[in-house]
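Numbers restart at 1 for each chain; the letters A, B, ... are given by sequence-line order, proteins then strands.
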2 protein chains.
Amino acid sequence: MTSLPSTMQVAPLTVRDIVHHAERVYPDRHVFTVERDGVTETTFTEVVARARRLARALEGLGVSRGERVATLMWNNQAHLEAYIAVPTMGAVLHTLNLRLFPDQLAFVINDAEDAVILVDASVLGLLARIRPRINPRHIVVRGTPEDTYGLDLLDYEELLASVDDAYLWPDLDESEPAIACYTSGTTGDPKGVVYSHRSLWLHSLAIQTKNSIALGESDRALLVVPMFHVNAWGMPYGALWCGADLVMPQMFLQGEPLARMINDLRPTVALGVPTIWMDLLRAAESGEYDLSSLRVLVAGGAAVSATLIRAYRDRLGLAMLQGWGMTETSPLVAVAIPPAGASGDEEIYYRAKTGRLVAGVEIRVVGESGEVLDHDGASVGEFELRGPWIASGYIKGRDPESFHDGWLRTGDIGTVDAHGFIVISDRRKDVIKSGGEWISSVELENLVMAHPSVHQAAVVAIPHERWQERPLCLVVLREGHSLDVVALREHLGPHVASWWVPEYWATLEEMPLTSVGKFDKRELRRRHAAGEIEIHGV
Amino acid sequence: MTSLPSTMQVAPLTVRDIVHHAERVYPDRHVFTVERDGVTETTFTEVVARARRLARALEGLGVSRGERVATLMWNNQAHLEAYIAVPTMGAVLHTLNLRLFPDQLAFVINDAEDAVILVDASVLGLLARIRPRINPRHIVVRGTPEDTYGLDLLDYEELLASVDDAYLWPDLDESEPAIACYTSGTTGDPKGVVYSHRSLWLHSLAIQTKNSIALGESDRALLVVPMFHVNAWGMPYGALWCGADLVMPQMFLQGEPLARMINDLRPTVALGVPTIWMDLLRAAESGEYDLSSLRVLVAGGAAVSATLIRAYRDRLGLAMLQGWGMTETSPLVAVAIPPAGASGDEEIYYRAKTGRLVAGVEIRVVGESGEVLDHDGASVGEFELRGPWIASGYIKGRDPESFHDGWLRTGDIGTVDAHGFIVISDRRKDVIKSGGEWISSVELENLVMAHPSVHQAAVVAIPHERWQERPLCLVVLREGHSLDVVALREHLGPHVASWWVPEYWATLEEMPLTSVGKFDKRELRRRHAAGEIEIHGV
């Protein structure tokens with residue numbers, strides 16, 4: 001038998017494809033950056049031309065293939081220029097999380113050996129604080145800082161003006177590193193992953209598919225999710241590739257300014273964490289802002305409650321789309337699009353699930369003794385993932401227990417049903433095990449947050465003599481309400497098994513948040529252990 | 001500097017991903033096959049289970065890794081089962097074009113060394129005719145043939161019933177061959193390409209993107225385009241992967257039965273060549289059929305005229321979407337979606353272009369001396385393509401002149417504008433070069449076909465003493481009309497340069513078509529050279 005091998009090109013999948021397409025197919029599409037005193041507007045052509053200058057300038061600063069260039073920046077045009085220039089020139093972009101604690105920030109800069117740091121003037125103080133502990137060759141500042149803190153700085157615009165844009169992107173292999181991103185774990189040192197050109201290429205195509213975000217040329221995307229948070233969920237490259245306009249809000253991330261931005265700049269899709277969408281809803285309820293340009297509000301990074309989804313639908317006629325992913329998954333894993341034909345309450349039911357598995361990712365549910373469980377919507381286990389944009393390890397081989405058999409262990413616990421709908425009931429570390437049975441903190445939180453007196457609720461496990469663990473529910477009340485434990489327990493009654501209903505309750509003035517805006521349960525457990533929480537029992 | 005390599009999985013991109021996703025996320029989605037006496041209906045679960053049986057049975061017939069299994073079949077469920085089983089078990093599916101001439105059919109079967117041929121009972125006669133000249137180990141027939149022609153046959157259903165479905169798909173490399181497809185060139189022996197698992201995976205994701213076909217779970221796709229014609233434009237895998245229902249029309253491909261099928265089975269998208277959509281339009285004009293389930297009618301394989309696009313929009317409220325591709329391009333290269341905001345005549349203007357380049361493919365326009373021309377909508381040259389689902393060669397290295405520098409030479413001539421819109425003015429071999437300037441036969445044809453007296457028109461070059469070549473326009477008239485050369489020339493006048501307007505005209509009773517339904521210009525040139533065409537000059 002003669003062999004008949006593939007006759008197809010082995011064209012490498014690299015970020016350059018995306019950049020070329022943006023320039024050659026969507027030159028006039030826009031990038032808007034919101035500044036304190038207005039909005040700047042530019043085109044893909046201009047952004048790519050400036051990215052070429054940036055690449056040439058970085059080359060001039062001695063940045064070599066595979067070397068790291070970090071950004072400590074808000075979502076803005078210059079940050080997008082770095083997204084284009086750094087990986088496409090063959091260097092590695094390291095997106096620094098502005099909200100990391102200084103110790104962590106110094107750690108990740110040193111761990112990645114960042115050679116150049118691009119920093120927004122408004123956050124230069126943060127970098128100045130750790131300057132004695134880090135060793136970049138150059139710091140390049142975008143904008144005019146109020147104080148230079150005695151740092152040796154290069155100016156971003158001067159740097160770009162000092163070179164021309166006649167730069168030809170090199171040929172790269174698809175397996176080469178493109179972007180490094182550290183997770184903001186609440187315990188221990190941050191762990192990092194490195195996305196390859198191949199993984200970014202595939203992920204950027206995936207977010208354009210109909211069953212995921214369906215990003216296309218008719219879109220204008222408002223990126224509330226930071227570009228240091230899993231590449232703003234892949235949107236910068238996705239938008240460049242499909243010709244969607246980008247709206248970059250920088251630090252104006254509160255309900256009111258976002259509502260005004262949507263009213264004025266008419267995005268069709270906006271992406272951010274649920275807490276921000278709660279703020280937006282409050283701001284929108286004044287009726288002062290027109291949010292009707294939005295076809296969808298994408299929420300991720302934390303579970304979205306049916307209450308919030310319903311509120312957006314009923315009060316504003318807006319569809320909320322919940323997605324699930326992690327730094328380790330690029331992040332797209334699942335999107336909670338209701339099945340064809342679902343409507344009314346059924347629609348909300350599906351939208352409140354964690355998500356439906358997208359094309360390109362495989363999931364399995366693994367039980368406590370390592371057995372693979374059925375996708376029956378009932379068998380609870382840890383989710384493990386496989387696919388071309390899923391991590392196989394962390395930088396420098398850290399935390400190898402998070403990976404086995406070629407699968408990523410997500411640390412999330414829950415079920416998958418026969419139609420690929422995933423429901424996360426807990427983080428493995430947040431699991432409440434009471435009398436040998438699991439109680440879902442996430443489900444309890446969502447139900448409690450549906451009560452009119454409650455703004456936010458977090459449920460954590462506290463030690464219990466008889467049941468090993470019991471849930472403690474901590475709530476931030478809405479203005480004008482007081483804690484009514486009896487009413488809240490009655491509210492839960494019809495929805496969960498009686499032994500799920502917490503006996504222990506407490507109020508919080510403010511919910512402690514992690515650096516990416518999630519409820520900080522570790523801090524809540526610490527406060528409880530330290531006796532700082534006043535418990536109202538039944 | 002420490003290197004920071006990618007930490008992402010190197011998960012191979014194989015068809016198995018698609019099959020697993022179909023089973024685990026979209027088990028209840030449907031496959032409908034239209035039979036003479038009704039419609040059979042089944043689910044993705046059932047189709048995949050039967051494909052496992054088929055794989056096991058083929059293994060039993062000795063089919064080994066990389067060996068070819070051919071299909072000589074209409075679009076139907078069994079053909080889909082072969083699409084799933086053969087590549088996923090590591091063999092190579094060879095889709096045979098039912099409309100090839102017997103000589104060509106025998107040639108491609110021998111060239112690919114097909115070990116097993118799966119054949120529909122209704123076309124067994126075609127295979128019987130060439131049986132003495134081919135040497136497959138087994139012929140498996142689906143359905144009950146009227147005559148077995150004395151052939152040694154296995155029955156498809158008996159074969160599946162003889163094994164169980166406990167088959168585990170093997171691990172494959174993404175570079176392995178998956179599907180072989182020969183082009184139905186009108187000259188010389190057919191040339192073949194072999195799609196890899198990687199190229200099929202990527203293409204199947206690409207047709208789900210918003211800027212291309214936007215295939216998703218809310219779709220039901222009617223595959224009029226045959227599964228032997230560039231994998232039915234990638235739809236079988238695309239639909240399995242995203243949970244779109246499939247409607248398989250088998251041989252019922254005329255206007256009336258298709259209109260009835262759309263009326264009854266409510267597809268949201270239908271894909272086929274423009275001539276079929278002309279037939280459908282005629283059938284639909286009776287008002288007897290409800291085609292309103294369709295969100296889009298995808299046309300490819302030949303240029304679509306603005307007249308047809310406008311007729312569908314104005315008479316039926318239906319959007320027609322033109323795509324461009326070739327066997328060598330898997331086939332998705334460009335889709336004529338108007339830019340965001342285009343409406344009215346502008347919308348038709350864009351829809352009548354050849355297409356807008358999709359994400360994942362690169363194009364360049366190459367002039368007569370090999371120089372790369374601008375994307376300015378004016379510079380005319382040959383299109384060359386690059387990308388991970390574009391061929392780098394033909395089977396057995398045939399016709400190496402069609403490839404150079406890693407690019408595919410398409411043989412199509414035309415322009416690309418600054419927004420990635422492609423307009424094909426001609427096939428290189430159909431080009432009319434008059435007085436040193438190019439005349440677009442395609443543009444003339446479209447204009448002539450917009451005249452009320454004309455049903456179809458083909459323009460070919462004929463030798464001319466003074467101008468080297470001049471266009472000859474051959475028309476099939478609408479019923480009740482006669483050839484009015486003066487009127488037709490006047491009709492062209494306002495639209496093209498005066499020297500483009502043909503002096504030579506002729507009528508045809510019927511348009512000769514190639515095996516894939518394109519106007520057979522080679523045959524028209526032959527008839528003219530043989531003096532068989534009566535020319536009406538001016």
Side-chain angles (χ1 to χ4, degrees), chain A residues 1-9 11 13 17 20-21 24-27 66-68 92 112-113 175-177 180 193-196 199 205-206 208-211 214-218 241-243 337 339-340 356-357 359-360 362 375 386-395 406 418-420, chain B residues 1-9 11 13 17 20-21 24-27 66-68 92 112-113 175-177 180 193-196 199 205-206 208-211 214-218 241-243 337 339-340 356-357 359-360 362 375 386-395 406 418-420:
Chain A
M1 177 187 84
T2 315
S3 92
L4 226 54
S6 158
T7 67
M8 305 310 280
Q9 296 181 14
L13 315 177
D17 287 348
H20 278 170
H21 208 77
R24 294 171 187 174
V25 180
Y26 305 111
E67 200 167 32
R68 272 72 68 190
V92 178
E113 298 170 46
S175 66
E176 289 188 52
V193 298
V194 180
Y195 308 112
S196 65
S199 74
L205 199 65
Q208 299 175 50
T209 59
K210 185 70 182 350
N211 286 355
L215 195 69
E217 196 243 356
S218 52
W241 212 1
C242 74
I337 299 179
R356 192 175 199 180
L357 194 70
E362 267 191 286
H375 291 192
R386 196 161 66 173
W389 56 81
I390 309 295
S392 62
Y394 288 114
I395 287 172
H419 296 89
Chain B
M1 178 186 83
T2 315
S3 91
L4 226 56
S6 158
T7 66
M8 305 311 281
Q9 296 181 16
L13 314 177
D17 287 347
H20 278 170
H21 208 78
R24 295 171 186 175
V25 179
Y26 305 111
E67 200 167 33
R68 272 72 67 188
V92 178
E113 298 169 46
S175 66
E176 289 187 53
V193 298
V194 180
Y195 308 111
S196 64
S199 73
L205 199 64
Q208 299 175 50
T209 59
K210 185 68 183 349
N211 285 354
L215 195 69
E217 195 243 357
S218 52
W241 212 2
C242 74
I337 299 179
R356 192 175 199 180
L357 193 70
E362 268 190 285
H375 291 193
R386 195 161 66 173
W389 55 81
I390 309 295
S392 61
Y394 287 114
I395 288 172
H419 296 89

Can you tell which part of [X] gets under 4.5 Å to a heavy atom of chain A, answering side chain, backbone, both or neither?
| X | answer |
| --- | --- |
| B/T2 | both |
| B/E113 | side chain |
| B/L13 | both |
| B/P5 | backbone |
| B/E67 | both |
| B/R356 | side chain |
| B/S218 | both |

| request: Taking B/Q9 for its side chain and A/G406 for its backbone only, find out whether a donor-acceptor pair lies under 3.5 Å. | output: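 At least one qualifying donor-acceptor pair exists.
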Does some side-chain heavy atom of [Y] sit less than 4.5 Å from a side-chain heavy atom of [X]?
| X | Y | result |
| --- | --- | --- |
| A/L4 | B/R68 | yes |
| B/N211 | A/C242 | yes |
| A/H419 | B/P27 | yes |

Where [X] and [Y] come nearest, the two heavy atoms and their spacing:
| X | Y | value |
| --- | --- | --- |
| B/L205 | A/L205 | CD2-CD2, 4.0 Å |
| B/A11 | A/G387 | CB-C, 3.6 Å |
| A/A391 | B/M8 | N-CE, 3.7 Å |
| A/Q208 | B/A359 | OE1-CB, 4.3 Å |
| B/S6 | A/P177 | N-CB, 3.9 Å |

| Who among A/S175, A/G243, A/A214, A/A180 has the most heavy-atom pairs with chain B under 4.5 Å? |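 Maximum pair count with chain B is reached by A/A214.
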| task | Could you tell me which of A/S392, A/G393, A/G420 has the largest number of non-hydrogen atom pairs under 4.5 Å with chain B? | result |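 Of A/S392, A/G393, A/G420, A/S392 has the most heavy-atom pairs under 4.5 Å with chain B.
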| task | Go through the atoms of A/L215 and report whether side chain, backbone, both or neither lie under 4.5 Å from a heavy atom of chain B. | result |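 Only the backbone of A/L215 comes within 4.5 Å of chain B.
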| said: With a 4.5 angstrom heavy-atom cut-off, is it the side chain or the backbone of A/S3 that approaches chain B, or both, or neither? | reply: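 Answer is backbone: N, CA, C or O of A/S3 sit under 4.5 Å from chain B.
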| field | Pairs of heavy atoms under 4.5 Å with chain A: top-ranked of B/E217, B/K210, B/R24, B/H20 | value |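 The answer is B/E217.
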